[in-house]
Amino acid sequence: KSSKKLISYNNKEKEVMLMGYPMNSRRYTEDVNCFFHYKLKLELHLLKQLNKTNFNIAYKAHPDRLLELGDIYRGIAKKVISEKFEDVWHKAEALIFTYATTTTFGFALRYPVPIVFIESENTLWYPERKKILNKRVVFLSSFNDTNFKKINFTMLNDAIIEAKSKKNINISKELIN
């Protein structure tokens, strides 16, 4: 059971944004579970769980894959955002990523917005880099295509609350060195 209180959130201007995966048929072998079939199932599950929280929820679609995405998220995501991340990040109460091999993740680290990362099991990190990222990002770790449904709205709610205390945008300097 969660020790943190479910946040009552009334600001209609800000949203928790689930950052969308580019839905295509490529298998990206440089990262774990970077294939549309798994990401689609994961994202749908996350949206259903996030809808149980008191946050305003939006799906930030990958702008290059709107056609492939179609209407899959209609009715599940309260809002689908198609604009470029650089143009909409300031509307976010928090960001949720499911993979780090996107330029958007790097951009997001530099902005003062909380970040939650749903980490796939066996994701490879340089230990010193992960230690630095832990100063800025809340990780929900060790999920795969068989256990991702263990992620529930309480876990997500608690991670978002915790991420609000980790808006240290100075870590980008540490990551470069």
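Residues: numbered from 1 along the sequence shown. We use all heavy atoms of the structure for the numbers below, so side chains are in, but hydrogens, waters and symmetry mates are not. All of these numbers come straight from a predicted model, not from anything done at the bench.
- Looking at heavy atoms from C-beta onward, T98 lies in side-chain contact with K39 at the 4.5 angstrom threshold.
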Q. What do the steps show when you test W89 against F107 for side-chain contact (heavy atoms from CB on, under 4.5 Å), and what is the final call?
A. CA-CA 10 Å; W89 73 267; F107 282 122; over 6 Å; no
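- At a threshold of 4.5 Å between non-hydrogen side-chain atoms, the residues R74 and V80 do not count as touching.
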Q: Go through the steps to decide whether N157 and N54 satisfy the test side-chain contact (heavy atoms from CB on, under 4.5 Å), and finish with yes or no.
A: CA-CA 9 Å; N157 184 76; N54 290 330; over 6 Å; no
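- Remark: S120 OG to L42 CG distance equals 7.0 Å, nearest 0.5 Å.
- A donor-acceptor pair under 3.5 Å links the side-chain atoms of H45 to the main chain of I151, judged by distance alone.
- N134 places a side-chain N or O within 3.5 Å of a backbone atom of K130 that can act as its donor or acceptor partner.
- Salt bridge absent: E83 and K60 never bring a charged side-chain N and a carboxylate O closer than 4.0 Å.
- In terms of heavy atoms, G20 sits closest to Y99 at O-OH, 3.7 Å.
- Salt-bridge formation is not detected for the pair K91/E15: no Lys NZ or Arg NE/NH1/NH2 atom is positioned less than 4.0 Å from an Asp or Glu carboxylate oxygen.
- With a 6.0 Å radius and a threshold of 12 heavy atoms from other residues, nucleotides or ligands, K150 has its NZ atom at or below the threshold.
- Side-chain contact check for L175 versus Y126: every heavy-atom pair is 4.5 Å or farther apart.
- Across V116 and A163, no two heavy atoms sit closer than the pair CG2-CB, 4.0 Å.
- N152 contributes a side-chain N or O that, together with a main-chain N or O of M155, makes up a donor-acceptor pair within less than 3.5 Å.
- Between I160 and L50 there is a side-chain heavy-atom pair separated by less than 4.5 Å.
- Under the 3.5 Å distance criterion, the side-chain polar atoms of N56 are matched with a main-chain donor or acceptor of K14.
- Taking 4.5 Å as the limit, every side-chain heavy atom of T104 sits out of range of all side-chain heavy atoms of L95.
- Ion pair R136/E174 not flagged as a salt bridge, since none of the NZ, NE, NH1 or NH2 atoms sits closer than 4.0 Å to an Asp/Glu carboxylate oxygen.
- Across all non-hydrogen atoms, the minimal contact from I57 to K78 is O-CB, 3.5 Å.
- Between F148 and F143, a ring centre-to-centre spacing not shorter than 6.0 Å is recorded.
- For the atom pair CG (N170) and CG (L109), the distance works out to 12.0 Å, reported to the nearest 0.5 Å.
- Looking only at distances, a side-chain donor or acceptor of N51 sits under 3.5 Å from a matching main-chain atom of I76.
- W125 and F105 have tilted rings, their planes meeting at an angle from 30° to 60° on a 0 to 90° scale.
- The structure places CD of Q49 at 9.5 Å from NZ of K149, a figure rounded to the nearest 0.5 Å.
- Taking 4.5 Å as the limit, some side-chain heavy atom of Y59 sits within range of a side-chain heavy atom of L47.
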Q: Go through the steps to decide whether I96 and I115 satisfy the test side-chain contact (heavy atoms from CB on, under 4.5 Å), and finish with yes or no.
A: CA-CA 6 Å; I96 299 176; I115 299 172; over 6 Å; no
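- With rounding to the nearest 0.5 angstrom, the CZ atom of R110 is 12.0 Å from the CD1 atom of I171.
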**Q.** Test side-chain contact (heavy atoms from CB on, under 4.5 Å) applied to L140 and L156, step by step
**A.** CA-CA 8 Å; L140 294 180; L156 292 166; 4.0 Å; yes
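- In terms of heavy-atom proximity, A58 sits nearest to I81 at CB-CD1, 3.7 Å.
- When side chains are defined from C-beta on, S142 does not count as touching E119, because their heavy atoms never get closer than 4.5 Å.
- A donor-acceptor contact shorter than 3.5 Å is absent between the side chain of K79 and the backbone of M17.
- Between the CE atom of M19 and the OG1 atom of T102 there is a distance of 7.0 Å, given to the nearest 0.5 Å.
- Looking at heavy atoms from C-beta onward, F97 lies out of side-chain contact with L18 at the 4.5 angstrom threshold.
- Scanning all heavy atoms of the two residues, the minimum distance from P63 to S82 falls at CB-O, 3.8 Å.
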